[in-house]
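Quick caveat: nothing in here was measured; it's all calculated off a predicted structure.
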Amino acid sequence: YEEQILPLAARELTGFDRILDVGCGDGQISRLASRLGASRVVGIDPTWNQVRVAAERDGGPVFARCGAAELPFADATFDAVVACLVFEHIRDVDSAISEVARVLRPGAPFVCTFSNRCFPTKAIRGWLATDDGFHVQLVAEYFRRSTGWDQPRIDQRPTPRPGDPLFAVWAHRSRPS
């Protein structure tokens, strides 16, 4: 996490002022975004325990219990959204992608990362039954079939250890025509 995800998040979130961290867990990315200078950082997670732990740690973000499929924010609230290691756990991905598009300002990025590791008891069945190459194409396809997104970008990040790849899919909220 510290070798791969935090440096990637720092690079992708630098310069943005209002950031949403979907599936924030204990809040590492949210706290990083605050340290990078964002004035408003919100971390959401569907589990109370994760939200409680995140809120107990120092750092400045606001944390709330919330799922990604129904975000309690106004349209175009955020300049960037990040979701690290959560896609394999979201059951209603289409709704989540649409909701993120709604709360992002036009032109703003949504950065999704995932690896070949997951919690098998929490992952959706389709994720467990497929390989890394399919996962990357699947996440990109979620963006393609949802309205409001530019063409997604796919990347496999270099890893410090063999067998522990990190994948990233980026898409930007479409600008009105």
Side-chain angles (χ1 to χ4, degrees), residues 1 4-47 50-51 54-55 57 59-114 135-155 157 166-177:
Y1 203 92
Q4 295 175 287
I5 294 172
L6 292 179
L8 173 69
R11 188 182 77 230
E12 296 301 321
L13 298 176
T14 295
F16 292 105
D17 192 48
R18 298 169 297 149
I19 298 171
L20 176 62
D21 182 2
V22 174
C24 68
D26 69 0
Q28 286 188 63
I29 299 290
S30 299
R31 288 188 302 280
L32 172 66
S34 286
R35 286 193 307 272
L36 292 171
S39 69
R40 181 173 186 212
V41 179
V42 178
I44 62 164
D45 201 280
T47 58
Q50 292 286 33
V51 171
R57 297 184 176 177
V62 173
F63 296 99
R65 182 173 180 258
C66 176
E70 293 182 25
L71 298 173
F73 308 106
D75 296 358
T77 298
F78 296 99
D79 300 322
V81 176
V82 62
C84 292
L85 307 178
V86 298
F87 256 87
E88 63 273 23
H89 306 291
I90 298 174
R91 294 193 189 284
D92 190 359
V93 175
D94 291 317
S95 293
I97 294 280
S98 293
E99 275 293 276
V100 169
R102 183 184 65 75
V103 302
L104 266 176
R105 68 170 174 72
F110 181 18
V111 181
C112 308
T113 68
F114 50 94
H135 298 161
V136 170
Q137 293 305 319
L138 178 64
V139 174
E141 185 59 28
Y142 286 135
F143 284 109
R144 287 186 198 104
R145 71 179 193 208
S146 178
T147 58
W149 297 102
D150 290 341
Q151 185 66 23
R153 231 177 58 204
I154 299 169
D155 191 16
R157 309 302 306 164
L166 178 68
F167 302 95
V169 178
W170 290 262
H172 288 82
R173 176 75 170 95
S174 299
R175 296 181 189 276
S177 319

Check: Which distance, rounded to the nearest 0.5 Å, do you find between the CD1 of I44 and the CD of Q50?
Finding: 13.0 Å

Item checked: Gap between atom SG of C24 and atom CZ of F63 - 0.5 Å precision -> 5.5 Å

Notebook entry, point to check: So which heavy atom on G43 is nearest to which on S30, and how close?
Noted result: CA-OG, 3.6 Å

Notebook entry, point to check: Name the one of R11, R153, E12 that satisfies side chain to side chain contact (heavy atoms under 4.5 Å, CB included) with V111?
Noted result: E12

Margin query: So F143 and I97, do their side chains get closer than 4.5 Å, heavy atoms only?
Written below: yes

Margin query: Just to verify, what does A80 make a side-chain contact (heavy atoms from CB on, under 4.5 Å) with, not counting sequence neighbours?
Written below: L13, F16, I19, P109

Checklist line | Close side-chain approach of I29 and L6, heavy atoms under 4.5 Å | finding: yes

Checklist line | V82 versus C84, closest heavy-atom pair with distance | finding: CG2-SG, 3.6 Å

Margin query: Once rounded to the nearest 0.5 Å, what's the spacing between atom CG of L20 and atom CZ of F110?
Written below: 8.0 Å

Next item on the list: Report yes if the side chains of R31 and D21 come closer than 4.5 Å at any heavy-atom pair, otherwise no.
Entry: no

Next item on the list: Over all heavy atoms of both residues, which pair between S34 and V41 is shortest? Give the atoms and the distance, please.
Entry: OG-CG2, 3.6 Å

Check: Does P46 have any side-chain contact (heavy atoms from CB on, under 4.5 Å) partners at least two apart in sequence or in another chain, and if so, which?
Finding: none

Notebook entry, point to check: Should F73 and V42 count as side-chain neighbours, where that means a heavy-atom distance under 4.5 Å?
Noted result: yes

Check: How long is the span from the CH2 atom in W149 to the OG atom in S98, to the nearest 0.5 Å?
Finding: 9.0 Å

Check: Taking only residues at least two apart or on different chains, which pairs with a member in residues 65-80 satisfy side-chain hydrogen bond (donor to acceptor under 3.5 Å, both in side chains)?
Finding: R18-D79, D75-R102, D79-R105

Checklist line | Q151 and H172, any side-chain heavy atoms less than 4.5 Å apart | finding: no

Check: Is a donor on one side and an acceptor on the other found under 3.5 Å between the side chain of D45 and the backbone of G25?
Finding: yes

Notebook entry, point to check: How far does CG of L8 sit from OG1 of T113, to the nearest 0.5 angstrom?
Noted result: 6.5 Å

Margin query: Restricting to non-hydrogen atoms, name the atom on A101 and the atom on T147 that form the minimum distance, rounded to 0.1 Å.
Written below: CB-O, 4.2 Å

Check: Quick one: are R173 and V81 in side-chain contact, heavy atoms under 4.5 Å?
Finding: no

Notebook entry, point to check: Taking the side chain as C-beta and beyond, is there a heavy-atom pair between D94 and S146 under 4.5 Å?
Noted result: no

Check: For the residue pair D17 and G37, what are the closest heavy atoms and their distance?
Finding: OD1-O, 4.2 Å

